[in-house]
Protein chains: 2
Amino acid sequence: MIEDLHDPRLTAIGLLMEVHAGLSSRFAAQFEEHGLSTVEFEVLMRLARSPEHQLRMTDLAAQISLSTSGVTRVVDRMERDGLLRRQACPSDRRSAYAVVTEAGMARLAETLPGHLQLIQDWFVGQLDPETLEHLLRALRTIRDAVHPCATAGSDRTTTDDC
Amino acid sequence: MIEDLHDPRLTAIGLLMEVHAGLSSRFAAQFEEHGLSTVEFEVLMRLARSPEHQLRMTDLAAQISLSTSGVTRVVDRMERDGLLRRQACPSDRRSAYAVVTEAGMARLAETLPGHLQLIQDWFVGQLDPETLEHLLRALRTIRDAVHPCATAGSDRTTTDDC
DNA sequence: CCGGGAATATTGCAGAGTCTATAGTTGCTC
DNA sequence: GAGCAACTATAGACTCTGCAATATTCCCGG
């Protein structure tokens with residue numbers, strides 16, 4: 001048992017966790033400079049990448065891995081701040097769309113360059129291109145295994161439609 | 001701006017986030033089978049690895065990246081459940097130690113093998129040894145850059161004393 | 001047509017975390 | 001020694017999240 005406490009596997013996973021925590025906190029700080037939380041940025045990104053800049057509440061929940069009630073509330077907040085608006089779905093009156101407003105797109109455009117720069121500075125830019133390619137390939141392998149809806153042999157690198 | 005939405009850097013960081021989320025949720029599920037939350041497991045691990053199986057509240061907070069009030073509360077819960085107990089520090093009456101009880105060590109011993117197995121199954125076991133070594137080296141590079149208290153040239157793989 | 005089961009969003013409630021204020025303790029400086 | 005700043009743990013107020021319950025809507029088999 002004592003020896004398990006220093007098992008190399010724990011070191012390995014600890015490394016991943018530290019990297020994640022470090023990057024996440026830097027990202028969060030930059031989002032906050034623009035008045036956004038991490039999930040709010042995530043919501044903006046997902047919607048902006050979707051056709052018409054809109055998504056059904058349920059689909060949004062699936063993409064940002066939040067419960068549907070969580071989505072109801074984050075959309076509440078963002079609607080209050082004018083970044084989003086709700087729109088009734090004409091074909092199904094149960095569903096509601098969340099749509100990015102002009103102000104929301106502007107906020108995203110204002111935040112995104114700094115975010116990309118942070119990724120550059122603290123993640124991809126830390127490694128030479130070949131090492132980075134190896135890293136991404138390894139991560140892709142693990143992602144495909146661990147991700148609930150990974151389609152095994154596929155080469156896709158986007159997961160929007162998951 | 002539109003092209004930024006599909007910047008390869010976003011894909012790269014998304015990969016990392018997905019891997020982290022997938023692993024974390026599997027770990028959490030296994031912890032829950034043993035009646036622990038993720039932070040509770042983390043607390044048990046950190047304490048068990050420390051001399052005398054104890055740590056000052058502040059130091060514990062630093063290690064598991066939680067606020068000191070957060071630590072107060074998680075220790076409250078675990079003390080209530082008999083996994084920990086508080087002990088006054090003889091040399092400094094402001095400080096309090098959190099000490100793992102026998103029950104706490106037993107709970108950890110019961111949980112740890114399954115946790116190691118999960119790391120094996122979904123993380124390190126997904127890659128051949130050489131690829132894994134590359135991955136860990138790359139992660140170490142990034143960790144050393146991103147981690148607030150990384151000592152640049154060091155080769156250490158444990159961060160207990162951070 | 002219509003009645004029941006599935007899907008969708010919302011709300012009440014409880015749990016867990018942060019931030020701020022507070023009280024007790026320590027140690028340094030004059 | 002007395003005063004004062006720094007440190008330590010905790011308590012209160014607030015935020016965010018998930019789960020369970022609810023109301024509405026859709027769809028399908030009779």
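Lettering of chains follows the sequences in order, A, B, ..., and the numbering in each one begins at 1. It should be emphasised that the depicted structure is a prediction, and the values quoted were computed from it without experimental measurement.
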Show your reasoning for whether side-chain contact (heavy atoms from CB on, under 4.5 Å) applies to L23(B) and W122(B). CA-CA 7 Å; L23(B) 291 174; W122(B) 300 104; 3.7 Å; yes

Side-chain touch F41(A)/T111(A), heavy atoms, less than 4.5 angstrom: yes

E40(B) CD - dA16(C) P separation (whole Å): 7 Å

Classify the side chain of R73(B) and the base of dA16(C) as holding, or not holding, a donor-acceptor pair under 3.5 Å. no

Side-chain touch M57(B)/V75(B), heavy atoms, less than 4.5 angstrom: yes

Can you measure R56(A) atom CZ to dA7(C) atom C1' for me and round it to whole angstrom units? 9 Å

Are V99(A) and L5(B) connected in the hydrophobic side-chain network, where two residues link if heavy atoms are under 4.5 Å apart? no

Mind checking V39(A) for me? I need base, sugar-phosphate or nothing, with any heavy atom below 4.0 Å counting as a touch. sugar-phosphate

Could you tell me from which nucleotide to which nucleotide of DNA chain D, 5' to 3', there is an atom under 4.0 Å from chain A heavy atoms? dC16(D) to dC26(D)

Listed nucleotide nearest any side-chain atom of R94(B), set dA7(C), dT10(C), dG24(C): dG24(C)

Given atom OH of Y97(A) and atom C1' of dT8(C), what is their separation to the nearest angstrom? 13 Å

Any carboxylate oxygen within less than 4.0 angstrom of a Lys/Arg side-chain nitrogen, looking at D76(A) and R86(A)? yes

So do the side chains of F27(A) and T38(A) get within less than 4.5 Å of each other, counting heavy atoms only? no

When we call it a touch if two heavy atoms are under 4.0 Å apart, what does S95(A) touch: a base, just sugar-phosphate, or nothing? sugar-phosphate

With heavy atoms under 4.0 Å as the rule, sort T68(B) into base, sugar-phosphate or nothing. base

Protein-nucleotide distance (R86(A), atom CZ; dT8(C), atom C1'), rounded to Å: 13 Å

Distance, rounded to the nearest Å, where R93(A) contributes CZ and dT8(C) contributes C1': 13 Å

Hydrophobic clusters here meaning ILVMFWY residues chained together by side-chain heavy-atom distances under 4.5 Å, can you tell me if I13(A) and M17(B) are in one? yes

Starting from the 5' end of DNA chain D, give me the residue, D92(A) or T72(B), whose nearest nucleotide shows up first. T72(B)

